[in-house]
Amino acid sequence: KMAFRDNFGNPRGFIGRLMLSGMNMGHSPMAKWAFTQFDVPNDGTLVDIGCGGGFNIRRLLEQSRDGFVYGIDLSSTSVEKSKKMNKKNIGKRCEVLLGSADNLPLEDNSIKLAIAFETVYFWPGPTDSFREVYRTLRPGGAFLIVNEADGEDPQANKWLSIIDGMRIFNRSQLVGFLTEAGFSNVIVDQDAKKHWLCVLAIREDTEHLKNKQGDIL
């Protein structure tokens, strides 16, 4: 039982592999909805943080014609599963790396779009982790959080007794954490029936703003 509970945040071994397959299928309706809420860039470097079973890496590859996609996960079982799911693109348009949300193996100012599906519940901070995402984004880059569980939905609290180390946030908490991390433009969409949350945060293009100010002066 404990092994099952532990595997939500860090899937391991046989149980972890089963869970990742289940997540790929179970989260599919929410992922399809979320991918209608934002635009995937046609080029640049994209990353799925907490990539799990790798299905959203595949979605990014399908929708970004010339983009390069990283997958990052704390779990070596997830990394292995994501590599298998996207094997035809590994080493060409995709790499999957072991890493934590609060210490991403990515260069400063390198990412055009970062996504995090059903994973920020387990991130350290999470403000410190969001600050780390901010570091990796290019000016004008976007960070998308998609959560099935919303802290304002009473039904969501049942997960807290089932899953170790999980924290469920509401929309205002997520906006607060993102603002603390440096994001100034945060847009929230929510599916009214299912309580799914889609939070899009943009790293401001400060260089562009400086240029505009310079032009005015």
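For the pair C94 and L61, the tightest heavy-atom approach, listed with the atom from each and the gap, is CB-CD1, 4.2 Å. Residues I72 and P105 share a closest heavy-atom pair of CD1-CD, 3.7 Å. Taking every heavy atom of both residues into account, I168 and M166 meet most closely at CG1-CE, 3.9 Å. For the residue pair V40 and L113, the shortest heavy atom distance occurs at CA-CD2, 4.5 Å. Nearest heavy atom pair, residue A101 against residue W123, reads CB-CD2, 3.4 Å. Nearest heavy-atom pair across I202 and G140 is CG2-O, 3.9 Å.
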task = Decide yes or no on side chain to side chain contact (heavy atoms under 4.5 Å, CB included) for L46 and I111, but give the supporting numbers first.
result = CA-CA 6 Å; L46 323 177; I111 301 297; 5.8 Å; no
ask   = Checking salt bridge (charged side-chain N to carboxylate O under 4.0 Å, His left out) for the pair D191/K194: CA distance, chi angles, key distance, verdict?
value = CA-CA 6 Å; D191 182 283; K194 298 201 167 67; 5.3 Å; no
message = Please determine whether salt bridge (charged side-chain N to carboxylate O under 4.0 Å, His left out) holds for the pair K83 and E80, giving the CA-CA distance in whole Å, both sets of side-chain angles, and the decisive distance to 0.1 Å.
response = CA-CA 5 Å; K83 282 182 176 177; E80 179 192 324; over 6 Å; no
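Relative ring orientation between F169 and F177 is described as perpendicular, the plane-to-plane angle rising above 60° on a 0-90° scale split at 30° and 60°. Classification of the F35-F38 ring pair by plane angle, with boundaries at 30° and 60°, yields tilted.
Counting only heavy atoms from C-beta outward, the side chains of I49 and T119 never approach each other to under 4.5 Å. Under the 4.5 Å side-chain criterion, counting only non-hydrogen atoms from C-beta, L106 is in contact with Y70. For the pair I115/L60, a side-chain contact is recorded, criterion being any heavy-atom separation below 4.5 Å from C-beta on. Here the side chains of S129 and F122 are not in contact, with every heavy-atom distance at 4.5 Å or above. Side-chain atoms of M30 and V146, non-hydrogen and from C-beta on, do get closer than 4.5 Å to each other. Side-chain contact check for S110 versus T45: every heavy-atom pair is 4.5 Å or farther apart. Looking at L174 and L197, their side chains come closer than 4.5 Å, going by heavy atoms from C-beta outward. Contact annotation: the side chain of V133 approaches that of L104 to within less than 4.5 Å [non-hydrogen atoms, C-beta and beyond].
One finds the NZ atom of K92 at 11.5 Å from the NZ atom of K87 (value rounded to the nearest 0.5 Å).
The six-membered or imidazole ring of F143 lies near that of F130, with a centre-to-centre distance under 6.0 Å.
Formation of a donor-acceptor pair under 3.5 Å by the S82 side chain with backbone atoms of I57 is not found in this model. Under the 3.5 Å distance criterion, the side-chain polar atoms of D73 are left unmatched by any main-chain donor or acceptor of V79. No donor-acceptor pair under 3.5 Å is formed between the side chain of D43 and the backbone N or O of S64.
Contacts of D102 classified as side-chain hydrogen bond (donor to acceptor under 3.5 Å, both in side chains), with partners at least two apart in sequence or in another chain: S100. Taking R138 as the reference, K112 meet the side chain to side chain contact (heavy atoms under 4.5 Å, CB included) condition, with sequence neighbours excluded. The side-chain hydrogen bond (donor to acceptor under 3.5 Å, both in side chains) search around N185 returns none, not counting sequence neighbours.
Within a 6.0 Å radius of CG in D108, more than 12 heavy atoms belonging to other residues, nucleotides or ligands are found.
Side-chain atoms of E118 and N147 include no donor-acceptor pair closer than 3.5 Å. Side-chain atoms of R203 and N109 include a donor-acceptor pair closer than 3.5 Å.
Cation-pi check for R131 over Y134 is not met; the charged atom does not lie both under 6.0 angstrom from the ring centroid and within 45 degrees of its normal.
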